[in-house]
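Could you have a look at this structure, given as structure tokens, before my questions?
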Amino acid sequence: MNLHEYQAKQLLAQYGAVIPFGCVAVSVEEAEAAAAKIHGPWVIKAQIHAGGRGKAGGIQIANQPQELKSKTGELLGKELATRQSGGQGRVVHKVLVEEKISFQKECYLALTTDREKAVVSILASRHGGMEIEEMAQKHPEDIWVEPIDPLTGVRSFHIRRVAKALGVNGKEAVSVGTLLKQLYGLYTELELSILEINPLVFGEGIRSKEPEWIVLDAKISADDNALFRHQNLEALRDLNEEDPAETEANRHGLSYVRLNGDIGCMVNGAGLAMATLDEIKNHGLEPANFLDIGGGANSERVAKAIEIITSDARVQVILINIFGGITQCDQVAQGVIDALKGRKRLLPMVVRLEGTRVEEGRKLFQSTSLPITPAGNLSEAAKEIKKHLKHVHSYQQKN
Amino acid sequence: MSILINKRTKVICQGITGQAGLFHTEQCLKYGTKMVGGVTPGKGGTKAAKLPVFDSVEEAVKETGATASMIFVPAAFACDAVLEAADAGIELIITITEGIPVSDMVKVKRYLAAKPNIRMIGPNCPGVITPGECKIGIMPGYIHKKGKVGIISRSGTLTYEVVYALTRDGIGQSTVVGIGGDPIQGSSFIDLLELFEKDKGTNVVIVIGEIGGTSEERAAEFIEKKMKKPVIAFIAGKAAPPGRRMGHAGAIISGGQGTWQGKVKALRQAGIRVAESTEEITPIIGGLV
């Protein structure tokens, strides 16, 4: 689960990190009220779950109250498509109004769980402000990775190495140490999967007159599997940022991801579902979604899956690919039949069934009048789908 | 011959009194697995699937001599179950449970690092099967056939699909191992490739990977440097968009890492044949065994 920048900053502040003074606003009036409490000039930042906001115009600077008013008005309700928002725009529902910070130095600091080493690692670079992918291309030698043994936590030798990577020493290095311990505490206590501060700047003091490390932008992603232990994090979930179909699917034990095509897919198992999308794409077809009904799905769960797929207006043909292990083919067939009972508009379905109770499943399908074309494998299924699509005027054959 | 398990392996089930634990213990017994007992704290002294239930793994090991455990304990308690099994000296811990917090796996891995004789498979995996001898997990036994092909996979149903196609064409398997779809796994591709390379009963190995992480890339390096047996790979997730979790917790392209293209390139550069479709795998293997 991803958090908004303002939520991430509030958590960081709770653990002792320094953040700019700011308020979140959902209307122009609220933004004006916030600005009245904060020294100008102000930074207005769109709060959406996607990086690359700056380049997409999601971060604005206002010098005068009038400018703040107009720029906030422009941002709120705007659909912002950034490099990371997956082609689709995200509607801005909230902005963060902050004091503008001047600084001498900007760095990159992040914590993430290293999958191969199975530990939390600190990533540090003296080049802040650009995305990590870009940095990995431009300055790969300047990205320092410091794995932290869970037994020891952050120790002075880790801190010295990270400080060196950031190119700082003396007092700056000491305060990097304090910050690292705060970040590691936040990361491990709340069981995060990403905590990224980019940029982390060394600039004019907020708490004292001395310059200090300030978190200018922050990104937090929490481990979904650990949320049951962190209700405070779960409370920060913003449903505006999630696809309603995905949320609905999750509630029913289904795993759904919206894609850009017109073939609705229902598969059992994540790996098989991915392979199914790959295979139909190899045949020049575009999947509308990834949908894994999970292991041992009963007819109710299958019916829900069909409902979700058929409620997507883009879908022209449905592909069902089931390899029954603990999932039983007749349960799948029954679920499909139940979901479509009494419907007037039926989409053509291409069905490939194999495995546990396959004969029973096939018989169930044969006994209905649903528009089902059976297929022995995915190449065959792709051919059948194309035949159906030929009837759809708007479809442009990709092959 | 086989790896990890055979007809002599004595197995207990942690979480045997739960719905899934009980059902699959019965299925394993039917397949011929030497299931010798189960563990559910508080239910010691009772029976499940006609097997004795113990309060602790330690007691179960003492009474039954089990060396392997199949874990069905719910995600919130699964970390404790794995640690308990390791503490009691279980040599092979197969964790089927899905949804274990990543930070729990960090602790488990740190603990197991000091116990080199203990091997963990999973979590979030279908388990391990040596056809005709022993099945520990949730895979349908009947699709397998005894033979010479070793399989290591991050996915369940995708593996069944491949196994089924092989069996249908008369090609059997030595051992099939699901290492699981989570970001941190008890055993990696490399750990198992090492075992298959040494196993006299395995002639060829299929690696079934997917997007996310870099374990396939590291496996490619290992295969190039250390393996003599042929390895065929298939990677799922070519069509997956970056930044989206595709069902499995570990199946996500992040920070430009873990892409299908990157994995296939690494494997091919190491001289490994990569099938672009699951339908290609069986004919390739057929030419090798």
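Below, read A as the first sequence line, B as the second, and so on, with proteins coming before strands; counting in each chain starts at 1. Given the structure is predicted, the values throughout are model-derived calculations rather than measurements.
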Note, B:P101 side chain near A:R229 side chain (heavy atom, < 4.5 Å): yes
pair A:L277-B:M246: side-chain heavy atoms closer than 4.5 Å: yes
Contacts of type ring-ring contact (aromatic ring centres under 6.0 Å, His included), residue B:H248, not counting sequence neighbours: none
Most contacts with chain B, counted as non-hydrogen pairs under 4.5 angstrom, among A:I322, A:N268, A:D114, A:V119: A:N268
Heavy-atom pair count under 4.5 Å with chain B, highest-scoring of A:T327, A:I194, A:V257: A:V257
Test log, rule side chain to side chain contact (heavy atoms under 4.5 Å, CB included), inputs B:K238 and A:K281: CA-CA 9 Å; B:K238 188 182 183 181; A:K281 242 187 139 153; over 6 Å; no
B:A165 versus chain A, the contacting section by heavy-atom distance below 4.5 Å: neither
Proximal component of B:I138, with respect to chain A [non-hydrogen, under 4.5 Å]: both
Candidate pair B:V102 and A:E191, rule side chain to side chain contact (heavy atoms under 4.5 Å, CB included), full reasoning: CA-CA 8 Å; B:V102 174; A:E191 301 184 78; over 6 Å; no
Residue A:T356 versus chain B: region with a heavy atom under 4.5 Å: both
CZ (B:F222) with more than 12 external heavy atoms under 6.0 Å: yes
Heavy-atom pair count under 4.5 Å with chain A, highest-scoring of B:G213, B:P140, B:S155: B:G213
Sub-4.5 Å side-chain heavy-atom contact between A:N225 and B:I100: no
Verdict with supporting geometry, A:D243 and B:R244, salt bridge (Lys or Arg N to Asp or Glu O under 4.0 Å): CA-CA 12 Å; A:D243 186 316; B:R244 303 306 312 270; over 6 Å; no
Portion of A:N377 that has a non-hydrogen atom of chain B nearer than 4.5 angstrom: both
Atom CD of A:Q137: over 12 foreign heavy atoms under 6.0 Å: no
Heavy-atom pair with the smallest gap, counting every atom of B:Y142 and A:G355: OH-C, 3.1 Å
Which portion of B:E279 sits near chain A, non-hydrogen atoms under 4.5 angstrom: side chain
Qualifying salt bridge (charged side-chain N to carboxylate O under 4.0 Å, His left out) pairs with a residue from residues 246-268 of chain B, counting only residues at least two apart or across chains: B:E216-B:K263, B:E217-B:K263, B:R268-B:E276
Trace of the side chain to side chain donor-acceptor pair (under 3.5 Å) decision for B:T214 with A:E116: CA-CA 7 Å; B:T214 54; A:E116 311 302 333; 2.9 Å; yes
Side chain A:R115, main chain B:S215, donor-acceptor under 3.5 Å: no
Parallel, tilted or perpendicular: rings of B:Y160 and A:F323 (30°, 60°): tilted
Closest contact, heavy atoms only, A:G271 versus B:A236: O-CB, 3.9 Å
Test item: A:L259 and B:P241 side chains (from C-beta on) under 4.5 Å apart, heavy atoms: yes
Contact class of B:M105 relative to chain A, heavy atoms under 4.5 angstrom: neither
Closest-packed option against chain A by number of heavy-atom pairs under 4.5 Å, given B:D104, B:T159, B:T278: B:D104
Interchain contact, B:I252 with chain A, by part (heavy-atom threshold 4.5 Å): both
Candidate list A:N321, A:D292, A:V267, A:L272, test side chain to side chain contact (heavy atoms under 4.5 Å, CB included), partner B:T157, passing option: A:L272
Chain A contact via B:I208 - which portion, at a heavy-atom distance below 4.5 Å: neither
Most chain B-contacting option - heavy-atom pairs closer than 4.5 Å, from A:A275, A:P287, A:G296, A:G294: A:A275
Pairs of heavy atoms under 4.5 Å with chain A: top-ranked of B:A239, B:A251, B:P242, B:A20: B:A239
Shortest non-hydrogen separation from B:G247 to A:S255 and the atoms involved: CA-OG, 3.3 Å
Interatomic distance, A:E189 atom CD to B:S103 atom OG [nearest 0.5 angstrom]: 11.5 Å
Check against side chain to side chain contact (heavy atoms under 4.5 Å, CB included), A:T276 and B:E161: CA-CA 11 Å; A:T276 303; B:E161 175 87 55; over 6 Å; no
Expected output: side-chain A:D278 to main-chain B:G237 donor-acceptor under 3.5 Å: yes
Carboxylate-amine/guanidinium contact B:R245 A:E246, below 4.0 Å: no
Residue among B:G212, B:G243, B:A249 with most heavy-atom pairs under 4.5 Å to chain A: B:G212
